[in-house]
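Contents: one structure, followed by commentary.
In listed order, ligands and their atoms are each counted from 1.
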Amino acid sequence: MIKTWRWFGKKDPITLEMLRQIGVEGIVTALYDLPPGEVWSLEAIEDMKQTIEGAGLVWSVAESLPVAEEIKYAAPTRDKLIQNYNTSLMNLGRAGIKTICYNFMPAIDWVRTDLNRQLPDGTTTLYFDRMRYAYFDCRILQREGAEADYSVEELRKIELLDQTLTKDEKEELIDTIIVKTQGFIHRKMKEGADPVTEFKKLLQHYKDIDRDGLRENLTYFLNRVIPVAEAHGIMLCIHPDDPPFPVFGLPRIVSREEDLEWIIGAVNNHSNGITFCAGSLSAIAENDVPRMAKRFAKRIGFAHLRSTALLPEGNFMEASHLDGNGRLIEVIRILEECVSDIPMRVDHGRVLPGDSEITHNPGYTFYGRMFALAQVEGMMAVVRNEINEKRSR
Ligand code: DNO
């Protein structure tokens, strides 16, 4: 696999020079200044490409070419937005960017409740605490009917949290769940807007959309964009839900083996691909991540390598890249055997000494990711050796 790195553009304090020096081969980036739905012009794409190539690297993946919410909830404007999406696809294809990552998570991308959970060795990691999430859902968001999603015991814990969480902790929960995590991946809050009110408005659009409805909207989208992707030699790779279960009463349709099976069958075309995010998929016990890698290998165009530690009571956190339910050694063995030429990047590094001095987006530290990349590189080297030996026998 090709070693790539998510880079946040010219404003990213982690420079392309730094990346070249640590052995990164390709860049994963997006035109972050453009809101979802807007056309990526050929000029803007070429400009980004030249910046990357000027530093001796290549632009391997566009992540994400974001799908506007209106497409996900089937607003009357969706056809126009799909047209824009296709124009961006064509422009990317013309510029030679052939791997594109997107997701179809309604209203909210990845969800964590704590961005700096202290580990015993002093480093910090991203964490999902089910009760804090539930507290946010029932008491901060006050989502209608939310209580029905929790057990009596859990509702009692929510009540307890209401008495123990400080005002600052409550504010921080809002900031973490709907401002910081969402902010850097395209959905910036409007200046001066109240995040909770904004998020509630967004949820309203999905009030009548269930799992089947969302599947229908994804099919509608795929039927219109995959032919364009195919014509330009592009593989459009859907990113799994993170975490892979419904949140805030919203349907999630890219979570399990059966979902991936359904998606690749919905439009049976090689351009309808998968971003194999081992980290997202590993956040529920029922997902056998290596088995999924094997089953869908032919449609995997891009890999996100990280792993999850599943904890009691529905909590989880990022595991070491050598550990956890992602079982990366096995995943790497499968991907190196079946799709050795695809780009991969590590994801969600810990915060290591020195990282707090370099401004970074949550999960996207320099040293933490460099450390993970070295671990992954080591696994890849061993696996490649094994494969070569096997093949020469
Ligand atoms: C979070 C990432 C996601 C992912 C997008 C892809 O850190 O895993 O933001 O890149 O959902 O569309």
Residue contacts for ligand 1, heavy atom to ligand atom, distance under 4.0 Å: Arg6, Glu63, Ser64, Cys101, Tyr102, Asn103, Met105, Asp109, Trp110, Ile185, His239, Arg345, Asp347, His348, Tyr364

My understanding is that only residues two or more places apart in sequence, or in another chain, count here; which of them pass salt bridge (charged side-chain N to carboxylate O under 4.0 Å, His left out) with Lys167? none

Give the ring-plane orientation class for Phe316 versus Phe128, where under 30° counts as parallel, over 60° as perpendicular and anything between as tilted. parallel

Non-neighbouring partners of Lys98 that pass side chain to side chain donor-acceptor pair (under 3.5 Å), sequence neighbours left out: none

Please report whether the ring centroid of Phe104 lies less than 6.0 Å from that of His239. no

Considering only residues two or more places apart or on different chains, which pairs with a residue in residues 45-55 satisfy side chain to side chain donor-acceptor pair (under 3.5 Å)? Lys10-Asp47

Over-ring placement of Arg78 relative to Tyr220, 6.0 Å and 45° cut-offs: yes

